[in-house]
Amino acid sequence: MTSTDLPGDRPFVLLATRAEDRPADEEYALFLRFTRLPPERLLRVRLERDSMPAFDLDAVSGILVGGSPFNASDPPERKSAVQRRVEAEMAALVDEVVTRDVPFLGACYGVGTLGTHLGAPTDGTFAEPISVVDISLTPEGRDDPLAKGLPATFPAFVGHKEAISALPPSATLLASSPTCPVQMFRVKQNVYATQFHPELDLDGIVTRIHAYASYGYFAADELDLTLAAVRRAPVTAPSLMLRTFVERYAR
């Protein structure tokens, strides 16, 4: 199914929080590429720059959330004014999304926002260095429509300093990895979050490695090791989820 074959005309929305233009623009380009949406059907909001618009959720097909350098578990005094604003705006949106079961897919930062909303503990217990890890679908994950076409185990890009350390009781676990037990979950029928990055390819994660080299994801002398880690195995399967999400929810 091509972009012109999709039903309806309501756009999807990408909520982004990257202040650096190159990784921010590349993130948007990757979402366009893997969803196969035309730009007019994927509206980007750069929350690190602009306040959250007043969305009419009946006028959009679904919400996508990209990754973020923000850490939800940081103490308030370490969060910038921008991060505190973004978190407050995201909390209000997620509250409505969950209540109404609006189609939502949050990548990496989505686990922090959705997990926090549901009261899940978020800390560094299951942090993962920037690398490729093997993600395994649970039985519920293998039956979930968003996992259509995915193998039972597949490599994916990760890199996060925090994660939820327990699945919220209202959520369904869909995928896990040996180093991070909650890699993907669903709330109700249409609200999803992944800890891994379905929107990334190798070039995209290399861009982020260089852009965030001073953000504490790896030591100053570990750049080459980190670049080697993301080349450990080819990563192609996770991006299928983005096209499946669009085909399922376009209206």
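Here the structure is a predicted model, which means the values were calculated and not measured.
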Q: Using a 4.5 Å cut-off on heavy atoms from C-beta on, say whether the side chain of T35 contacts that of F12.
A: no
**Q.** H160 side chain to E162 backbone, donor-acceptor under 3.5 Å
**A.** yes
Q: To the nearest 0.5 angstrom, please state how far the CG atom of D144 sits from the CG atom of L174.
A: 5.0 Å
**Q.** L15 and its side-chain contact (heavy atoms from CB on, under 4.5 Å) partner, picked from R44, M52, E89
**A.** M52
Q. Counting only N and O atoms by type, is there a donor-acceptor contact under 3.5 Å from the side chain of S61 to the main-chain atoms of R10?
A. yes
Q) Donor-acceptor pair, T153 side chain versus S136 backbone, under 3.5 Å? A) no
Q) Any side-chain heavy atom of H197 sitting closer than 4.5 Å to one from V158? A) no
**Q.** Presence of salt bridge, R22 and E20, under 4.0 angstrom
**A.** no
(Q) Less than 4.0 angstrom from a charged side-chain N to a carboxylate O is my criterion; do R33 and D201 meet it? (A) yes
(Q) With a 4.5 Å cut-off on side-chain heavy-atom distances among I, L, V, M, F, W and Y, is there a chain of contacts connecting Y192 to I164? (A) no
Q: Evaluate the criterion salt bridge (Lys or Arg N to Asp or Glu O under 4.0 Å) for residue pair D21 and R46; output intermediate values, then yes/no.
A: CA-CA 10 Å; D21 285 338; R46 292 188 63 172; 3.0 Å; yes
Q. Has the side chain of R251 got a donor or acceptor atom that lies under 3.5 Å from a matching backbone atom of V60?
A. yes
Q) Under 6.0 Å from the six-membered ring centre of F70 and within 45° of its axis: does the NZ or CZ of K79 meet both? A) no
Q: I would like to know whether T207 and E26 meet side-chain hydrogen bond (donor to acceptor under 3.5 Å, both in side chains); could you show each step before the answer?
A: CA-CA 8 Å; T207 292; E26 196 165 88; 2.8 Å; yes
Q: Without swapping roles, check the side chain of S131 against the backbone of P129 for a donor-acceptor pair under 3.5 Å.
A: yes
**Q.** Side-chain (K148) to main-chain (L240) donor-acceptor, under 3.5 angstrom
**A.** no
Q. Please walk me through it: do S73 and N71 pass side-chain hydrogen bond (donor to acceptor under 3.5 Å, both in side chains)?
A. CA-CA 5 Å; S73 60; N71 291 308; 5.7 Å; no
Q. Does T116 use its side chain to pair, donor to acceptor, with the backbone of T113 at less than 3.5 Å?
A. no
Q: Salt-bridge test for E27 and R208: reply yes if a basic N is under 4.0 Å from a carboxylate O, no otherwise.
A: yes
Q: Just say parallel, tilted or perpendicular for the rings of Y215 and Y212, cut-offs at 30° and 60°.
A: perpendicular
(Q) Any side-chain to backbone donor/acceptor pair from K161 onto G124? Under 3.5 Å, distance only. (A) no
(Q) Angle between ring planes, F196 versus F154, binned at 30° and 60°: parallel, tilted or perpendicular? (A) perpendicular
**Q.** Carboxylate-amine/guanidinium proximity below 4.0 Å for R232 and D134
**A.** yes
Q: Look only at the side chain of Y109 and the backbone of A16, and say whether a donor-acceptor pair between them is shorter than 3.5 Å.
A: no
Q: Indicate yes or no for a side-chain donor-acceptor contact from N190 to the backbone of V102 under 3.5 Å, with no hydrogens or angles considered.
A: no
Q: Report the C-alpha separation of S177 and E128 in whole Å, then their side-chain angles, then the decisive distance to 0.1 Å, and conclude whether the side-chain hydrogen bond (donor to acceptor under 3.5 Å, both in side chains) test is met.
A: CA-CA 10 Å; S177 72; E128 293 177 297; 3.3 Å; yes
Q) Just wondering, do L14 and L32 contact through their side chains at under 4.5 Å, heavy atoms? A) no
Q. When rounded to the nearest 0.5 angstrom, what is the spacing between OG in S68 and CD in Q83?
A. 7.0 Å
Q. Among the clusters formed by ILVMFWY side chains lying less than 4.5 Å apart, do L43 and F34 turn up in the same one?
A. no
Q: Could you tell me whether R100 and D58 make a salt bridge, using a distance below 4.0 angstrom between a side-chain N and a carboxylate O?
A: yes
